[in-house]
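Notes to accompany the following structure.
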Protein chains: 2
Amino acid sequence: MSAEKLDKSKTLFLRQKHVGPSCKIFFSQDPIKIVKAKGQYMYDENGQRYLDCINNVAHVGHCHPDVVQAGAEQMGTLNTNARFLHDNLVLYAQRLQATLPPALSVCYFVNSGSEANDLALRLARNFTGHDDIITLENAYHGHVSSLIDISPYKHHQLPDAELRPSVHVAPSPDVYRGRYRADHPDPAAAYADDVRELIDRAHEKGRKIAAFIAESLQSCGGQVVPPAGYFQQVAAHVRRAGGVVIADEVQVGFGRVGSHFWAFQLQGADFVPDIVTMGKPIGNGHPMSCVVTTAEVAQAFASSGMEYFNTFGGNPVSCAIGLAVLDVIGKEDLQGNAVRVGRRLSDLLEALKRKHPLIGDVRGRGLFIGVELVKDRLTLTPATAEAQEVIYKLKEEKILLSADGPHRNVLKFKPPMCFTPEDAELVAAKLDPVLTELEEVLGLKPLDVPNVGKDRSKRTLSDERQQHHDGIGAPRPASAPKRIRKETNSRITPAAD
Amino acid sequence: MSAEKLDKSKTLFLRQKHVGPSCKIFFSQDPIKIVKAKGQYMYDENGQRYLDCINNVAHVGHCHPDVVQAGAEQMGTLNTNARFLHDNLVLYAQRLQATLPPALSVCYFVNSGSEANDLALRLARNFTGHDDIITLENAYHGHVSSLIDISPYKHHQLPDAELRPSVHVAPSPDVYRGRYRADHPDPAAAYADDVRELIDRAHEKGRKIAAFIAESLQSCGGQVVPPAGYFQQVAAHVRRAGGVVIADEVQVGFGRVGSHFWAFQLQGADFVPDIVTMGKPIGNGHPMSCVVTTAEVAQAFASSGMEYFNTFGGNPVSCAIGLAVLDVIGKEDLQGNAVRVGRRLSDLLEALKRKHPLIGDVRGRGLFIGVELVKDRLTLTPATAEAQEVIYKLKEEKILLSADGPHRNVLKFKPPMCFTPEDAELVAAKLDPVLTELEEVLGLKPLDVPNVGKDRSKRTLSDERQQHHDGIGAPRPASAPKRIRKETNSRITPAAD
């Protein structure tokens, strides 16, 4: 199964014939055929190597030998369902639980982030006896029906989308582009108050809140880092209304943020969700996933009398793989690496920001970083076409990056956790001239930067204004720059998830 | 990962502590710990071998070396998402499509039968613009929210379950226990007419039908074989109402029925569903699954503008495994084996039926067989406790069997497809004395059977009456026989799915 078996044009032909056209390909005008991968590198059918900045699923590195060996050995020994006792299941549950606050002690093993989030909704609705869900603007939680309902990100793609009355959308706690920004005295409280008002309005309509669900850091929503204290205050409002709080760690869990194993822990030890969902990186690409909750929520679900059975969930192979992933994270200190390399990458991107007016914001934690491109640092006009152009230009440089967010103008870094400082330096070096070229087309002049690579002072909106007035006054075309290809929409790289 | 690492009591302790109590264990009073498996055999921590009559997921045999090798090799080479071109994906889609009628040409790869059925509902609702679903009595289609809604089987477990107004439940086309039985002149038309009436009533309420969904043979619902022609007539009614037909092959596909690769094909070549969903056996235990539909349905879904992305679905490892499973089915003629061994097993079970009044019905196709136990062949009083006793007694004989159906009185045979005639003979031989013992307790006398193993004449309701009057007049206790343990409910084996 290792080598190329078909000519690329034949692969594409069969794909168009037999695979749902809703399933998009990266770089649809010139898709990449990947035949092997190792660590942070992917290789096409000609042996060309690409640096992978996007595949957070290959968490401990593509095809990590320890993970492959654990999976292969267990596949050859036993792969069956969780109605039989097996050590891998309980050992894995125990290991996973040990990474979480003690109250989160009961696991349900499923096959995907979507199955995990759907089960989280079932647990929440069962526990509270309520039906309504509060979700965030631009949120994406998965592809099954119940999650499309609570994923405004997916509804952006529809001309006349309408959310169900049981779904309430709170503002994204985005201090760069949102309604309360870095210059607000207390954006955490302000965004949390919006949730409280949403609850009040729901109550006025006689509705009852089952859960608030949010990614601990919004991913597809634009790599958004909520202000510290936000989740604590939201949790207080939601619990007062009889609801529970679901932290979606599908994209951002398992040490990616570096300083903590789970991204919700960035908010402080005083925030403990009622339910945590996991996915993508958990099996380094193997289809598996988990929901962890409290004994109370789990007991209530059991008391309903309805059995929960998941055919593949928690099978010995998935659990062997999950254990191996945890082992590698520890053994190779990938969390420490996320801190170190994440800092290096952030520093380099901040330096680029000081030089390039196109970069409006650099944000993130560990190896989860967003770079928001804007045509104007004051109006924050999204540089959507330019972000796509960056992606295509970097592809030519054999670097895989993507852009996401509601305006598709946020460059999204979420590489395998074995990413190195040299990889970070390569991306930054390649990004620099691409941004310069785009700025020339837009008529944006480079900013004056005396201390590139040193000064990491905190951006505030007043800084933005200052910078804008200092250096970015040049006239800009109202539409996409002329050197950017026109067919942006058709060649847009699929975003998410 | 192969050997036992914990004492069984410790495994059980950790399971109770860290795994959701809704996730039931087989034989909860004395659960089995399985550490390895091969072909149709599973082995516990003491090396004790069990004959596996229930794990249809291990379709080509537990840990089949070809499947393990294909998976291990691909895991070591590349495992990534379907936004990159890969030959495994398109080759697998092409191979799968070749097993189906030509109109079913477009695949969506997902991770589980639940994800498949949920996507089928999304496709149906998008294509028709309608919302309502017709499902069968006792149906089970999966564990995500949208499928619990259409799974009456799950609602049996709740005291005060109420279905949504968008869900319409048609009678199960069960010619043994249903409203139209084997003595009915045209049960297919009669059951289909019930669906038509359901549609009419829905229309009267202003509702519109998106889809009729049914397993091609009902599994959890009691191993029900719909009368030939039923689906054709249902399809005509449903399509006239603007709906589509979804054939759920999650349990019964991939050659299990022997004579055909897909169980819906048992109805005749003139029946082609609009959407087919697959699952369990597709990856021999690897979490993968597929939805196949027509170009029209797929195109409509794409035209909605909403991308469909499934992180793990269609990854190169899953597809390599899927291809290996198809290869083994062909190479080892497992479909032919299902015909031959299925016939042998049916013959043996029919012979037992002629001897044992407790057996009310033997039905099925290939290696998908149900044996319905009744206390009385005229009233069809379900022998629920007795079915559970059979399961426990066979476990003592190191044979794994389960019981399901709305009354949990249907012994369910769906073994790995490498099941042999000797395995069939062993099960039948072990079942015989267990039934005798139970009948003694119930006061049922064995029937007089001159031609055991020869006469396979078709059962009809009038036969039942005749047999009843001839041989089973002995008085029976109203409640469960005294020698059957009392704690039936707590020790009941989890059924489904």
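Computed from heavy atoms alone, side chains included, the values below leave out hydrogens, waters and symmetry copies. To find a chain, count down the sequence lines: A is the first, B the second, and so on, and within it residues start at 1.
The CD atom of Glu45(B) sits 5.0 Å away from the NZ atom of Lys8(B) when rounded to the nearest 0.5 Å. Rounding to the nearest 0.5 Å gives a distance of 8.5 Å between CZ of Phe312(B) and NE2 of His286(A). Note that OG of Ser114(A) and CG of Asn310(B) are 6.5 Å apart. Values are rounded to the nearest 0.5 Å. Atom-to-atom distance recorded for Ser22(B):OG and Asn126(A):CG is 8.0 Å, nearest 0.5 angstrom. For the atom pair CZ of Phe309(A) and SG of Cys220(B), the computed distance is 9.5 Å after rounding to the nearest 0.5 Å. Here the CZ atom belonging to Arg164(B) is positioned 9.5 Å from the CG atom belonging to Asp131(B), to the nearest 0.5 angstrom.
Heavy atoms closer than 4.5 Å to chain B are found nowhere in Ser303(A), neither backbone nor side chain. Neither the backbone nor the side chain of Leu104(B) comes within contact range of chain A; no heavy atom of the residue lies under 4.5 Å from a heavy atom of that chain. With a 4.5 angstrom heavy-atom cutoff, Asn81(B) touches chain A only via side-chain atoms. For a residue to count as touching a neighbouring chain, one of its non-hydrogen atoms must lie under 4.5 Å from one of that chain's; by this rule Ala58(B) does not touch chain A. Contact of Asn79(A) with chain B is made through backbone and side chain together, with heavy-atom distances under 4.5 Å. If you measure heavy-atom distances from Asn111(B) to chain A, the contacts under 4.5 Å come from both the backbone and the side chain. Residue contact with chain B, scored on non-hydrogen atoms closer than 4.5 Å, involves the backbone and the side chain of Ile34(A) alike. Heavy atoms closer than 4.5 Å to chain A are found in both the backbone and the side chain of Leu6(B). For Met42(A), the part lying under 4.5 angstrom from a heavy atom of chain B is the side chain only. Neither the backbone nor the side chain of His64(A) comes within contact range of chain B; no heavy atoms are under 4.5 Å apart. Interface residue Ile148(A): only side-chain heavy atoms are found under 4.5 Å from chain B. For Gln94(B), the parts lying near chain A are the backbone and the side chain together; criterion is any non-hydrogen pair under 4.5 Å. Using a 4.5 Å cut-off between heavy atoms, Val317(A) makes no contact with chain B at all. With a 4.5 Å cut-off on non-hydrogen atoms, Thr293(A) does not touch chain B at all.
Between chain B and the residues Gly279(A), Ala72(A), Gly76(A), Ala295(A), the most heavy-atom pairs under 4.5 angstrom are made by Gly76(A). Taking His62(B), Gln97(B), Glu115(B) one by one and counting their heavy-atom pairs under 4.5 Å with chain A, the maximum is reached by Glu115(B). Comparing Gly283(A), Ser145(A), Ser318(A) by how many heavy-atom pairs each has under 4.5 Å with chain B, the most go to Ser145(A). The candidate from Leu91(A), Val297(A), Val106(A), Leu123(A) with the greatest count of non-hydrogen atom pairs under 4.5 Å with chain B is Val106(A). Ranked by heavy-atom pairs under 4.5 Å with chain A, the first of Ala93(B), Ala298(B), Pro31(B), Ser105(B) is Ser105(B). No other option in Gly71(A), Gly305(A), Gly313(A), Gly314(A) has as many heavy-atom pairs under 4.5 Å with chain B as Gly305(A). Taking Asn315(A), Thr80(A), Val110(A), Leu121(A) one by one and counting their heavy-atom pairs under 4.5 Å with chain B, the maximum is reached by Thr80(A). Ranked by non-hydrogen atom pairs under 4.5 Å with chain A, the options Ala37(B), Gly20(B), Pro287(B) are led by Pro287(B). The residue among Lys10(B), His18(B), Met75(B) with the most heavy atom pairs within less than 4.5 Å of chain A is His18(B).
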Next on the checklist: Assess the residue pair Lys33(B) and Asp87(A) against the criterion (salt bridge (Lys or Arg N to Asp or Glu O under 4.0 Å)); give the C-alpha distance rounded to whole Å, side-chain angles, the decisive distance to 0.1 Å, and a yes or no.
Outcome noted: CA-CA 9 Å; Lys33(B) 184 169 181 177; Asp87(A) 291 337; 2.7 Å; yes

Item to check | Evaluation steps, side chain to side chain contact (heavy atoms under 4.5 Å, CB included), between Cys23(B) and Arg15(B) | outcome: CA-CA 10 Å; Cys23(B) 307; Arg15(B) 170 132 184 169; 4.0 Å; yes

Item to check | salt bridge (Lys or Arg N to Asp or Glu O under 4.0 Å) between Arg95(B) and Asp327(B), intermediate numbers included | outcome: CA-CA 10 Å; Arg95(B) 281 280 295 278; Asp327(B) 284 342; 3.0 Å; yes

Checklist entry - Between Tyr153(B) and Asp404(B), is a side chain to side chain donor-acceptor pair (under 3.5 Å) present by the stated rule, with each step listed? => result CA-CA 10 Å; Tyr153(B) 177 82; Asp404(B) 214 331; 2.7 Å; yes

Next on the checklist: Would Lys280(A) and Thr311(B) count as a side chain to side chain donor-acceptor pair (under 3.5 Å) here? Give the steps.
Outcome noted: CA-CA 7 Å; Lys280(A) 296 183 187 293; Thr311(B) 301; 2.5 Å; yes

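A perpendicular orientation is assigned to the rings of Tyr308(A) and Tyr108(A), their planes being inclined by more than 60° (bins at 30° and 60°).
Here the two rings, on Tyr41(B) and Tyr50(B), have centers that are 6.0 Å apart or farther.
In this structure a side-chain-to-backbone donor-acceptor pair under 3.5 Å is missing from Asn55(B) to Val57(B).
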